[in-house]
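We name chains A, B, ... by the order of the sequence lines, and we start the count at 1 in each one.
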Amino acid sequence: MPYLVHSPEDRQEMLADLGAGSIDDLLVDVPASLRLRRLDLAPGLSEMETMARVRELAAGNRVFDDRLTFRGGGVYRRFIPAAVGAVLSKPEFYTAYTPYQPEASQGTLQAIFEFQTLIAELTGLEIANASLYDGATAVAEAAMMAVVHTGRPEVLVAPYLHPEYLEVLRGYAQGRGFAVREGTDPTEDTAALVFQNPDFLGLIADGAQLVEVAHAAGALAVACVDPISLALLAAPGEYGGDIAVGEGQQLGLAPSYGGPHVGFIACRQELVRRLPGRLVGEAHDGQGRRGYVLTLTAREQHIRREKATSNICTNHSLCALAASVYMTYMGPHGLQHVADVSYRRAHALAAELAKLPEVELLYPERPFFNEFPVRMKNVLHRLRALEDKGILGGLPVGRWYSELADVATFCCTELNDPRALDQLLEALRRPA
Amino acid sequence: MPYLVHSPEDRQEMLADLGAGSIDDLLVDVPASLRLRRLDLAPGLSEMETMARVRELAAGNRVFDDRLTFRGGGVYRRFIPAAVGAVLSKPEFYTAYTPYQPEASQGTLQAIFEFQTLIAELTGLEIANASLYDGATAVAEAAMMAVVHTGRPEVLVAPYLHPEYLEVLRGYAQGRGFAVREGTDPTEDTAALVFQNPDFLGLIADGAQLVEVAHAAGALAVACVDPISLALLAAPGEYGGDIAVGEGQQLGLAPSYGGPHVGFIACRQELVRRLPGRLVGEAHDGQGRRGYVLTLTAREQHIRREKATSNICTNHSLCALAASVYMTYMGPHGLQHVADVSYRRAHALAAELAKLPEVELLYPERPFFNEFPVRMKNVLHRLRALEDKGILGGLPVGRWYSELADVATFCCTELNDPRALDQLLEALRRPA
Amino acid sequence: MSEALSFELSRPDWPGPRLPEAGVQQPPAAESLPAHLKRRQAPLLPQISEPELMRHYGRLASLNYSISENFYPLGSCTMKYNPVANEAAAQLPGFAYLHPYQDESTTQGALELMHRLEAALCAVVGVDRVTLQPAAGAHGEWTALRMIQAYHQSRGERRDQVLVPDSAHGTNPASAALCGFQVVEVRSGADGRISVADLESKLNERVAALMLTNPNTLGLFEREILEVAEMVHATGAKLYYDGANLNALMGICRPGDMGFDAVHMNLHKTFTTPHGGGGPGAGPVGVKKDLEPFLPRPTIERRNGHYELDHERPQSIGRVRSFYGNFGMLVRAYTYILAMGGDGLAQASEDAVLAANYLRGRLEGVLDLPHEGPCMHEFVASARNLGEHGIKALDVAKGLLERGYYAPTIYFPLIVPEAVMVEPTETESKATLDAFAEAVQEVADLARSDPDRLHREPVSLPVGRLDEVAAARRPVLRWKPPSETAGESP
Amino acid sequence: MSEALSFELSRPDWPGPRLPEAGVQQPPAAESLPAHLKRRQAPLLPQISEPELMRHYGRLASLNYSISENFYPLGSCTMKYNPVANEAAAQLPGFAYLHPYQDESTTQGALELMHRLEAALCAVVGVDRVTLQPAAGAHGEWTALRMIQAYHQSRGERRDQVLVPDSAHGTNPASAALCGFQVVEVRSGADGRISVADLESKLNERVAALMLTNPNTLGLFEREILEVAEMVHATGAKLYYDGANLNALMGICRPGDMGFDAVHMNLHKTFTTPHGGGGPGAGPVGVKKDLEPFLPRPTIERRNGHYELDHERPQSIGRVRSFYGNFGMLVRAYTYILAMGGDGLAQASEDAVLAANYLRGRLEGVLDLPHEGPCMHEFVASARNLGEHGIKALDVAKGLLERGYYAPTIYFPLIVPEAVMVEPTETESKATLDAFAEAVQEVADLARSDPDRLHREPVSLPVGRLDEVAAARRPVLRWKPPSETAGESP
Ligand SMILES: Cc1ncc(COP(=O)(O)O)c(C=O)c1O
Ligand SMILES: Cc1ncc(COP(=O)(O)O)c(C=O)c1O
C-alpha cells in the first residue's frame with residue numbers, strides 16, 4: 001500500500017517480538033463494541049489514478065489569466081519569483097517540525113529570526129513574531145493583546161476593516177468576552193482602535209490622526225496593513241501605532257483559493273511579553289557560536305496553559321519563509337518598485353474607468369494605493385460579461401455593504417500590464 | 001542585472017585592488033580590432049517578463065492527453081512517479097559537476113553505482129557504465145567497441161533498427177572508418193551484428209538465434225533493447241549477448257521533444273576495459289569506510305586522450321538518476337506489472353484494430369511487446385483526423401520506409417486505459 | 001558550519017532585481033501621494049543578489065534535521081512521510097491560482113474536493129458534519145468550544161467551566177481560556193488514564209465540556225471512555241476530542257462512536273500534510289447533529305448536482321478565519337486519502353500501533369516505562385532511571401541528535417517526570433526502529449560510563465547546546481544594523 | 001555519515017507499488033509469450049517503499065557538495081549559478097510533454113524557441129548557422145570535425161591530420177581520433193600561448209584543422225590568434241574553436257571574428273544549464289557559410305512565418321543523435337539569454353574576468369603563478385611551491401574540501417606541474433572570493449606547519465581519502481547479492 005513500509009514479514013517479526021499473535025493483541029484496551037469492521041471509504045488508488053482524479057478536480061476550476069485579474073479584496077495575484085518555490089520545495093524546510101530542538105533546527109530558526117526582522121522593518125515597529133494563521137486571526141490576536149494590556153472591555157473598529165476580519169474578530173470577542181463597536185470615537189472603555197490601511201475599499205487612512213485619537217483616549221492603536229503598500233505608505237511605527245498586523249499573501253504566496261497564507265503581527269518593545277505565538281531569539285553555545293532558539297516561551301500554551309497569551313501552537317512558518325524569500329529577493333528597491341508600478345497602474349485605470357459611461361469613482365477625492373471602489377450600473381451583469389471575455393473584473397462589495405450594492409473594487413499589480421488595462425477598458429466599452 | 005552579484009562598488013574595489021582603472025586594463029591581450037562595441041541581442045527582461053515570453057512559446061505547442069497518446073517510435077508517454085521529480089529537483093544533485101572529488105561527491109557517485117547495478121541486472125550482463133547521451137549514440141559506441149575488440153572492418157545491422165539510430169551509426173562509421181551493412185549474414189569481416197529488440201516496428205526478435213549467428217561468425221552480438229520490455233522479455237545476458245545498449249527515456253523521463261534522455265550500455269566482464277565513458281567503483285578510506293570513486297579512468301579521454309575508448313566526457317548523469325529512482329520505485333514487481341499492462345493493452349488494441357474496415361495488422365503472426373505496425377488506407381489523413389479529436393494516433397513510418405507508405409505503428413502503455421482505447425477505436429470507426 | 005544573516009550579506013549599493021516598468025503616464029507615488037501619508041524611511045530589507053539568496057537558503061536548509069533525512073520520533077506530532085505526490089497536487093495551477101472570491105460556478109472543482117474531503121473525514125471519525133476552516137489543531141479546539149458555547153447558550157444555559165485532564169496538551173486549557181471558560185483540571189489515575197472518580201467530583205451543571213485525547217498523551221487508550229461519555233452527557237455537558245492522536249485509530253474505532261460530540265483533526269499529522277517547520281497545518285472539526293447549526297459559515301453544500309457555499313446559517317458562530325480554510329493543505333490531505341483508501345488508512349493505523357509497541361519493547365530496560373503496555377501509536381518513557389548519573393531527559397534528547405536522530409518530545413506530558421515521548425509512526429522501517437533503539441541504548445550506556453561527555457553533546461551539529469536562559473533574559477529578537485546594536489552590547 | 005545501497009535496504013517480500021490494472025481481456029504476457037522469448041529470471045531490482053526511497057535519496061543528496069551550497073571553483077567547468085527560473089521553464093507541460101514525432105504544425109512554439117536560440121548563439125560567437133543537436137561539448141567537437149572532414153572531402157581533399165595544442169582538453173584529441181584523424185600535438189610557448197613557430201612547422205596540406213581554445217586552458221588569451229588563423233587558412237585547413245571557455249568573451253569579442261570556422265558551445269557552462277552531477281548538457285556547434293551545407297539534419301528553417309524541420313540537405317553529415325538535441329537544456333539556455341540580454345551577457349563575462357583576476361591577485365605568493373597576468377575568466381596556479389613539504393596539488397584540493405569548498409581542477413592542463421586551475425565565475429560574491437583566498441592561505445600554512453595533518457584531510461566529510469589505486473586494481477563496479485560476492489572477497 002502506498003506510503004507504508006512494512007512487508008508482511010516485517011509485521012510478523014515485530015508481532016512475534018512482542019509475543020503477539022495479531023494486531024488485536026495490541027488493541028485489547030479498545031472496547032469490542034467500538035471496533036470497526038471496516039473503514040467505509042473507497043479502496044485506495046495507484047498514484048497514477050490518484051493524480052488523474054485530482055487533475056480532473058483541478059480542471060473543474062477556472063483560473064483567470066494573471067494579467068487579466070483585477071480582483072483583490074485581500075487576496076492578490078502578484079509576480080512570484082521562482083526562487084520562492086525553489087526554497088519552499090526544499091524538504092529540509094517543509095518536512096521539519098516546529099524547531100523544538102535548536103541544534104538540529106538552525107535553518108528554520110534563523111529563517112524565522114530573519115522573518116521577524118523583515119516584518120519589524122516593514123512595519124517600523126520593534127518586534128514581530130514568527131507568524132500567525134492569517135490576517136483575520138492576526139487582527140483578533142492584536143485586539144486581545146490590547147484588551148489584556150489595557151484591561152478595558154471594548155475594541156473599536158474603524159470603517160471598512162475587511163468584513164471577514166471583522167466577523168472573525170466578533171467571534172473571538174464573544175468567546176473571550178469583550179465588546180466590538182464600529183466607529184472612530186474611543187472612550188475610556190476602549191482597549192484599542194483597530195483600523196485597516198489601506199482599508200477594504202483600497203482607500204488610504206490617515207494613520208497618524210487615528211493613532212492620535214486612540215492615544216488621546218488611552219487606547220492602543222492597531223493598524224491592519226498591506227505589506228506591499230508599506231514600501232510607499234507611512235509605516236505604523238512611523239505614525240506611532242502600537243501594534244501592526246496584516247495578511248502576508250502578497251509576499252510570494254499563491255491565492256490558493258484563500259489559503260494557506262500568513263498572518264503577521266508586530267508591536268512596540270513594551271508589548272513584547274503580550275505577543276501571541278512563537279518568538280525566536282539569538283543565543284550562543286558553549287564555544288560562543290551564535291545560534292537561534294525559541295524564546296520567551298513563558299507566554300505560550302505549552303508552558304502557561306490557560307494563562308497563555310494565545311492558544312496558537314502550529315503557526316504558518318513555511319508561508320513566513322515564502323514571505324522572507326520574497327522580501328529578500330525584492331529588497332527595498334524592488335519592493336518599492338512593485339508598489340509604485342501597482343500604484344501608478346491603478347491610478348491610470350481609475351482615470352480611464354471614470355471616463356466610461358455609467359461608471360464613476362466612488363471617492364474621486366480620496367487617496368488610494370492600488371485598489372479603489374467604482375460605482376457602475378448593473379455591476380454584476382457587467383462583471384459576468386467580463387468573465388466571458390476571460391477577465392476577472394473588480395470585486396462586487398454589495399454582498400457586505402447594502403449601501404454599496406452597485407460598487408466594485410478594482411485593483412492593479414505589476415502583472416496587469418498596460419495592454420491588459422486596455423483589454424479591460426475595451427471589454428467594458430463594448431459589452432457583447 | 002539578473003544572476004549577477006557584484007554591486008558597482010564591489011567592482012570598483014576589485015579593480016582598485018588590481019590597480020586597474022577599468023575592465024579594459026584586464027583585456028589588454030585582446031586585439032583592439034576584435035573588441036565588440038556591443039553584443040547585438042535584445043536587452044534583458046525581468047524574470048516576470050521572461051517567464052511570460054517563455055510561457056507564450058510553450059503555449060505555441062499542442063500537448064496531447066497522455067491517455068490519448070498512442071505514438072511511440074522510441075519515445076513513450078509513461079506514468080512518472082512524483083518521486084522522480086522530487087529527487088531530480090534536489091540542487092545537491094542537479095547543481096553538482098561530474099564527481100571528480102569523491103569525498104565531496106558521494107551522493108552522485110553512489111547513485112551512479114546503483115544505476116550501473118540496475119542496468120546490469122536489467123540487461124542480465126555483468127557491467128554497465130554511468131550513462132551515455134542517448135540510444136542512438138549508445139549503438140554507435142557499442143559498434144566501435146566491437147570494431148576495436150575484433151579488429152574487423154564492418155558492422156552488420158539487422159532490419160528495423162531505429163532509422164535515426166542507424167543514421168547516427170553511419171555517421172560514426174564514416175568518421176571512424178568502418179563499414180555499416182544491413183542484413184543478418186555476418187562474415188569474417190563482421191565485428192558485430194547489431195539488432196534492436198523489440199525492433200522499430202515493435203516486433204520481438206529471436207535474440208538467441210541472432211546471437212548464435214553472430215558468434216558463429218566470430219562477431220559480437222549487440223542488442224539494442226527497450227528497458228521496460230526486459231521485465232518480460234529474455235535479457236541479452238540470458239541469450240548470450242555481448243553488449244546491450246538502449247534508450248532509457250521510458251524510465252522516468254518526460255518526452256521533452258526528444259531530449260534530454262539517456263543512453264545506457266552494458267557488457268560482459270571481459271569487455272569492461274573497452275567501455276566508453278564513466279565507471280564508478282567501490283573504494284575504501286583509511287578507516288575502512290566504504291565509498292565510491294570514478295575508476296578505470298585509463299579508458300578515458302582525460303587520461304588517454306587520442307587513445308581513449310571514446311571522447312565522451314559530460315554524460316547524462318541526472319537522467320540516469322531519474323532512471324534509478326524510477327526502477328527503484330517500481331522494483332521487479334512494479335516494472336513487470338507496467339510491462340504486462342502495456343503488453344496486454346497493446347494486444348487488445350491490435351485485436352480491435354484488425355476488425356476495422358481498411359485496417360490490417362502488418363504481421364498478424366509475429367509476436368510484439370507494446371507496439372505494432374498497422375496498415376491502413378490514407379493513414380496520414382486518418383491520423384490527422386484523430387488529432388482533431390485530441391488523439392495522437394500511431395506513428396506513420398512511410399517517411400523512413402517507402403515499402404511501408406501506408407503503415408503506422410501504435411503503442412500502448414499503462415496510461416492508455418481501456419476507455420482511451422475505446423475512444424481511439426470509436427474515432428477511427430466514425431471519421432468526421 | 002554556520003551561515004550569516006541575509007542582512008549581514010547586504011550591500012547598500014545593490015540595485016535590486018530587474019522588474020517591469022509601469023508603462024503608464026501616471027506620476028510615481030513619490031510625487032503624487034500626500035506627504036503626510038508617505039513613508040519617511042525605507043525599510044532595511046537585505047540587498048542581495050539571487051545567487052546569494054539561493055546559496056543562503058540552500059545552506060540554511062542544510063542545517064535542519066527533517067523527515068526527508070532523519071527519523072523524527074517527535075511524540076504527539078506524527079512525523080510521518082509526506083508524500084511528494086501531495087505537493088504536486090497542491091501546486092496544480094487549477095488549485096494554486098484560484099481566487100477565493102471567484103464566482104462559485106468557476107470553482108466547482110475546489111468545492112467538490114472540499115465536499116468530498118468533508119465526507120471522508122466524517123467517515124473516519126464518525127461524525128455528521130465537518131468544517132474545514134480551522135488553520136490548525138488549536139484553532140480547531142477553539143472553534144469546537146465556540147460551537148459548544150453557542151449550543152449551551154441556545155438552550156439558555158450558562159456553563160462556564162471546561163474540564164481538562166492534567167495530561168492534556170497545553171493548547172487545550174489555552175483554547176478553553178481563550179473562549180472565556182474557567183479551566184478545571186481532572187487528575188489522571190495511576191494507570192495513566194483519566195481518574196473517573198476525580199472526573200465525577202468535578203462534573204456539574206457549570207461544566208460545558210470535557211476535552212479528551214484518546215489515546216491520551218501517554219499513548220494509552222482510555223478504556224473507560226464509554227462510561228466517561230455517559231457521565232459527561234448525563235450532566236448535559238459535551239465531550240470534545242483532541243484529534244492529535246487520531247493516527248492510532250483510523251479504521252480501528254471512531255471518536256464519534258465513543259460518544260464524542262466534537263472532534264478536531266490535525267491534517268498535518270494524521271493526513272500527511274507537511275509541517276513546514278511549524279505550519280501551515282489544517283485543523284478541521286467534526287460535530288454531531290446537535291452541534292451542526294453552530295458550524296462556522298460558509299458550509300459547502302451539494303444542491304442538485306452543483307456545489308455551493310452556504311452563508312445563510314443563522315445560528316452559525318460565524319467564520320473563524322478568512323475564506324474557507326487552508327485549501328492547499330486540504331488538497332494534500334484529500335490526495336493522500338484517495339491514494340490510501342479505507343483499507344490503506346486502516347493498515348496505516350495498525351502499523352503505527354505495531355511500530356510503537358515494537359519500539360517500546362526494544363526500549364524496555366533502557367529507559368523507564370512508567371505505564372503498562374500495550375500502548376497505541378506512541379508511548380511515554382522516562383529518563384528518571386538515569387537521574388542518579390545526573391542525566392535528564394534533555395541529555396537523552398541531545399545525545400540522540402548527536403547520533404543523527406531528531407529527539408522525541410521531552411517533558412510532556414507534565415505528569416511524567418523526565419518524560420521522553422516517542423512516536424515512530426507507520427512510515428519508518430523496522431531497520432530504522434532497530435537502529436534507533438540501539439542509539440538510545442548507546443546514549444544510556446554513555447550516561448553511565450561518561451555522563452560529562454553526554455552533557456557536552458551534541459558536538460557535531462552546526463551548534464552545540466545553546467544557552468536558552470541567557471537568550472530569554474536579554475532577548476535579541478531581531479537583527480539590528482551594527483550602529484544601533486553597538487550601544488546595547490554588554 | 002554514510003548511506004546503505006538501495007539494494008541493501010531491499011526486502012524480498014516487498015510487494016511493490018500500487019499500479020493500475022490492465023482492465024482488458026487479453027492474457028498476461030507470462031501466458032501468451034512464446035517461452036523462448038520470455039525472461040527466465042527477474043532482475044534483482046531493489047524492493048523498497050516510497051518513504052524509504054525518498055529518505056535514501058534525501059541522504060545521498062546531503063553527501064554532495066554543489067553550487068547551491070558551496071563555492072565550486074572547478075577550472076574549465078564554469079560552475080556558475082543555475083537560475084531556478086530556467087528549471088520552471090523547462091518543466092512547463094507545453095515543453096516537457098511534447099512528442100518529437102508530432103506534426104510540426106503542433107510544435108511551432110518549440111521550433112520557434114530553437115530558431116531564436118540559434119540566432120542568439122550566432123550573435124554571441126559570430127557565425128552564420130548553428131546546429132543544436134550535439135548533447136555535450138565533446139559531441140560538439142566530433143560533430144564539427146565531421147563537418148570539416150566532409151568539407152575537405154567535398155573538395156576532393158583527403159586531409160588526415162588534426163593539430164591539437166599540448167594544453168588542450170582530452171576530449172579534443174579524443175574527438176579527432178574518433179573521427180579518424182591522426183592527432184598532431186602543437187607545443188605551447190613559455191608565455192603559455194601556442195608556439196607559432198611549432199605550429200608553422202606542423203602545418204601542411206595533410207592538416208584538416210587546428211583545434212584551439214581561446215582563452216586557452218591556462219586562462220590566457222591567444223594574443224596572436226589573428227596570425228594563427230591566417231596561417232591555418234593559408235594552408236586550406238579549418239580553425240576549430242573549443243567553446244568551453246566562452247564565458248570569458250561574451251560581448252567582448254567573438255570567435256567568428258577571430259577567424260574560427262567552427263565553434264562549439266557548452267550550454268551547461270556559459271549558458272547556465274545545470275551540470276546534473278555529470279550532464280545532461282548541450283553542445284551546439286556554430287559554423288561559417290562554407291561549412292553550412294554539411295550541418296547535421298534536420299535544420300530549423302523559418303519559411304513564410306512558419307517554422308519547419310528541413311531534412312532535405314544532400315551534403316549533410318546526417319544527424320548526430322536522435323531527434324533534435326537536448327531540448328530541455330535548450331529551453332533553459334534560451335530562458336537565460338532572454339533574462340540577461342546582450343547587456344547582461346557582456347557584463348557577465350566582464351565580471352567573470354574581473355573575479356578571476358581579483359582572486360588570482362589574492363593568491364599571489366600563496367601558490368605559484370607560473371604565467372603572467374592578466375588572465376581571462378580563470379587562471380592556473382601551481383602547488384609546486386609546496387613540494388618541498390611533500391604537499392601536492394591533490395593535498396591542496398583535499399584541504400579545500402575540508403574547509404567547505406569544492407576543489408579547483410587539478411593536474412590539468414598537463415603542461416603545468418601540480419596544476420591548480422581556478423574558475424570563480426561571475427556569480428560568486430567578493431566576500432566568497434575573499435573567504436576562499438583565506439582558505440587557500442590556511443591550507444598553504446598548514447602545508448608548512450603540519451603537512452601530515454594536511455595529508456590526512458579531509459576528516460569531516462562523509463568519507464576520508466579513498467584508495468583509488470586499490471579500487472582500480474580490483475574493480476567492484478556493481479552491487480552483487482551477498483551469496484555471489486561471498487566467493488570473491490579476498
Ligand atoms: C495533543 C495535542 N493537542 C493539540 C495540539 C495542537 O495542534 P496544532 O499544533 O496543530 O495547533 C498538538 C500539537 O502538537 C498536540 O500534540
Ligand atoms: C576545455 C574543455 N573542452 C571540452 C570539454 C568537454 O565538454 P563536455 O564535458 O561538455 O563534453 C570540456 C569539459 O570539461 C572542457 O573543459
Practice prompt. Name the member of A:L421, A:T117, A:L41, A:V325 that forms the most heavy-atom pairs with chain C at distances under 4.5 Å.
Written response: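 Sorted descending by pairs with chain C, the first entry is A:T117.
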
Worksheet entry | Heavy-atom pair count under 4.5 Å with chain C, highest-scoring of A:T295, A:N315, A:V272 |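 Most pairs with chain C among the choices: A:N315.
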
Considering only heavy atoms, which portion of [X] lies under 4.5 Å from any heavy atom of chain C: side chain, backbone, both, or neither?
{"X": "A:R53", "answer": "side chain"}
{"X": "A:Y97", "answer": "both"}
{"X": "A:R304", "answer": "neither"}
{"X": "A:D206", "answer": "both"}
{"X": "A:L232", "answer": "both"}
{"X": "A:L26", "answer": "both"}

Donor-acceptor contact present, side-chain [X] to main-chain [Y], <3.5 Å:
{"X": "A:T95", "Y": "C:I67", "value": "yes"}
{"X": "A:E238", "Y": "C:R40", "value": "yes"}
{"X": "A:E167", "Y": "A:E164", "value": "no"}

How about [X] and [Y]: are their ring centres within less than 6.0 Å of each other?
{"X": "C:Y101", "Y": "C:F323", "value": "yes"}
{"X": "A:H302", "Y": "C:F412", "value": "no"}
{"X": "A:Y257", "Y": "C:Y324", "value": "yes"}

Quick check on [X] against chain A: is it the side chain, the backbone, both or neither that has a heavy atom closer than 4.5 Å?
{"X": "C:Q41", "value": "both"}
{"X": "C:I252", "value": "both"}
{"X": "C:Q347", "value": "both"}
{"X": "C:A472", "value": "both"}
{"X": "C:Y72", "value": "side chain"}

Practice prompt. List for me each residue that meets salt bridge (charged side-chain N to carboxylate O under 4.0 Å, His left out) alongside A:E414, sequence neighbours excluded, and say none if there are none.
Written response: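 So A:E414 forms a salt bridge (charged side-chain N to carboxylate O under 4.0 Å, His left out) with A:R78.
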
Practice prompt. Using salt bridge (charged side-chain N to carboxylate O under 4.0 Å, His left out) as the criterion, list what pairs up with A:E103, not counting sequence neighbours.
Written response: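 Checked A:E103 against salt bridge (charged side-chain N to carboxylate O under 4.0 Å, His left out); matches are C:K398.
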
Item to complete: Flag the pair A:R278 and A:E300 as a salt bridge only when some basic side-chain nitrogen lies within less than 4.0 angstrom of an acidic carboxylate oxygen.
Response: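 Judged by the 4.0 Å cut-off on N to carboxylate O distance, A:R278 and A:E300 do form a salt bridge.
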
Fill in: Option that, when pairs with chain A are counted at under 4.5 Å, heavy atom only, ranks first among C:F327, C:W14, C:Y65, C:Y57
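So the answer, after comparing C:F327, C:W14, C:Y65, C:Y57, is C:Y57.
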
